[in-house]
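One structure is given below, encoded as structure tokens.
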Number of protein chains: 2
Amino acid sequence: MDLREQLRAAKLKVTSGRLSVLRELGRAKGPMSHAEVAERLEGESLDKVTVWRILVALTEVGLVDRSNGGDGTWRFELRSGSLGHDPHPHFTCLVCKTVTCLPHDSVRIPPRIVRGVVDVQITGRCEKCG
Amino acid sequence: MDLREQLRAAKLKVTSGRLSVLRELGRAKGPMSHAEVAERLEGESLDKVTVWRILVALTEVGLVDRSNGGDGTWRFELRSGSLGHDPHPHFTCLVCKTVTCLPHDSVRIPPRIVRGVVDVQITGRCEKCG
DNA sequence: GGTGTGCATGCAATTGGATTGCGTTGTTTC
DNA sequence: GAAACAACGCAATCCAATTGCATGCACACC
Ligand SMILES: [Mn+2]
Ligand SMILES: [Mn+2]
Ligand SMILES: [Zn+2]
Ligand SMILES: [Zn+2]
């Protein structure tokens, strides 16, 4: 299923802006902040606010995952589909600000304690900044 | 060790503002946002910005833990000492915004993957909001 | 118990990410 | 093609977090 079909399946209109954002997220190896996405799309005469609204809209229909790193900014990444990943934990280094995707089963949470987990976010220092 | 001694041991001057903030955090059952702390201290003619700087100062010397809930605001709670707790994971319900402290060992992270963990933050839906 | 030094505070102003309002543009449906 | 309505551009706003600076207070030293 290509990007246009995914948008149509989500009942979102197919626009050049949405396709650009989806393509950009597809290239990323980890979650991107709104600022990062907007910066890479500077050449496309796409307003920053529009990029934000696109990211929110894609999140609401489930095409994108939004997570909150320890630094207080939202980060977005493609979900499911050919290019995307399924939800998984993230690790943010407080020193170098690097965000790392962790394997889905790298964090174990006893189901008795928490139900309906949406996001797992770990902060600390990476090996380089140890 | 009472609050004054803890401040002195941390090489911070003992002020009425810092004592108030520490006392307020001691009463809390979970991490409090800056806004919550400031609101409860309204009667004490203590400036909001000062409350913020106190929270940051206490965090820097290790008397307080600062964590970032899934909603993008910082939350603070007493660390160690008689009234405080040791660092532990937190669960934030995205619907009712409730923050729950989890037992220290409720989340297991294989040490090979991540070093120097500072904070573990889980977001989702609590049992009530299931 | 006074006094000086430097940290702490109050207040005003600023930052920066997130959010909204509204008129215009563009996509989809018929 | 035209009508209906979602998406967009642009300006403005919100609010937690942050900073600057003049004043006030804690505490070490006398
Ligand atoms: Mn990821
Ligand atoms: Mn806690
Ligand atoms: Zn690092
Ligand atoms: Zn809830």
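In what follows, chains carry the letters A, B, and so on, assigned in the order in which the sequence lines appear, proteins first and then strands, with residues in each chain numbered from 1. Given the structure is predicted, the values throughout are model-derived calculations rather than measurements.
- Across the protein-nucleic acid pair, B:Lys48 atom NZ and C:dA13 atom C1' stand 16 Å apart, rounded to whole Å.
- Taking for each of B:Asp47 and B:Lys13 the nucleotide of DNA chain C with the nearest heavy atom, the 5'-most of the two is the partner of B:Lys13.
- Mapping B:Val14 and A:Ser45 onto DNA chain D by nearest heavy atom places A:Ser45 at the nucleotide closer to the 5' end.
- The CG-P distance, from A:Asn68 to D:dA16, rounds to 15 Å in whole Å.
- Candidate nucleotides D:dA17, C:dA8, C:dA18 were compared by shortest atom distance to the side chain of B:Leu12, and C:dA8 ranks first.
- Residues A:His88 and A:Glu77 bring a donor and an acceptor atom of their side chains to less than 3.5 Å of each other.
- Side-chain contact between B:Asn68 and A:Asn68 is present, with at least one heavy-atom pair separated by less than 4.5 Å.
- Under the 4.5 Å side-chain criterion, counting only non-hydrogen atoms from C-beta, A:Val120 is not in contact with B:Thr123.
- C:dT19 atom P lies 16 Å from atom CD1 of A:Ile54, rounded to whole Å.
- Residue A:Trp74 has no polar side-chain atom (N or O) positioned under 4.0 Å from OP1 or OP2 of C:dG17.
- Picking from D:dC8, C:dT9, C:dA18 the nucleotide with the shortest atom distance to the side chain of A:His34 gives C:dA18.
- To the nearest angstrom, P of D:dA17 lies 9 Å from CZ of B:Arg66.
- Among D:dC8, C:dT9, D:dT19, the nucleotide with an atom closest to any side-chain atom of A:Arg18 is D:dC8.
- For the pair B:Val99 and B:Phe91, the minimum side-chain heavy-atom distance is 4.5 Å or more.
- Between A:Trp52 and the phosphate of C:dT19, there is a side-chain N or O to OP1/OP2 separation shorter than 4.0 Å.
- Comparing atom distances between the B:Val49 side chain and each of D:dT19, C:dT27, C:dA18 picks out D:dT19 as nearest.
- With rounding to whole Å, B:Leu7 atom CG is found 12 Å from D:dA26 atom C1'.
- The CG atom of A:Leu19 sits 16 Å away from the P atom of C:dG26 (whole-angstrom rounding).
- Heavy-atom distances to DNA chain D give each of B:Arg53 and B:Arg75 a nearest nucleotide, and the one nearer the 5′ end belongs to B:Arg75.
- When rounded to the nearest whole Å, the span between CD of A:Glu36 and C1' of C:dA18 equals 16 Å.
- Residues A:Thr98 and A:Thr92 have side chains not in contact (no heavy-atom distance under 4.5 Å, counting atoms from C-beta outward).
- Distance from the side chain of B:Thr73 is smallest for D:dA16 among the nucleotides D:dG9, D:dA16, C:dG10.
- In this structure, the CG atom of B:Leu55 is 12 Å from the P atom of D:dT18, given to the nearest Å.
- Neither OP1 nor OP2 of D:dA7 sits under 4.0 Å from any side-chain N or O of A:Thr15.
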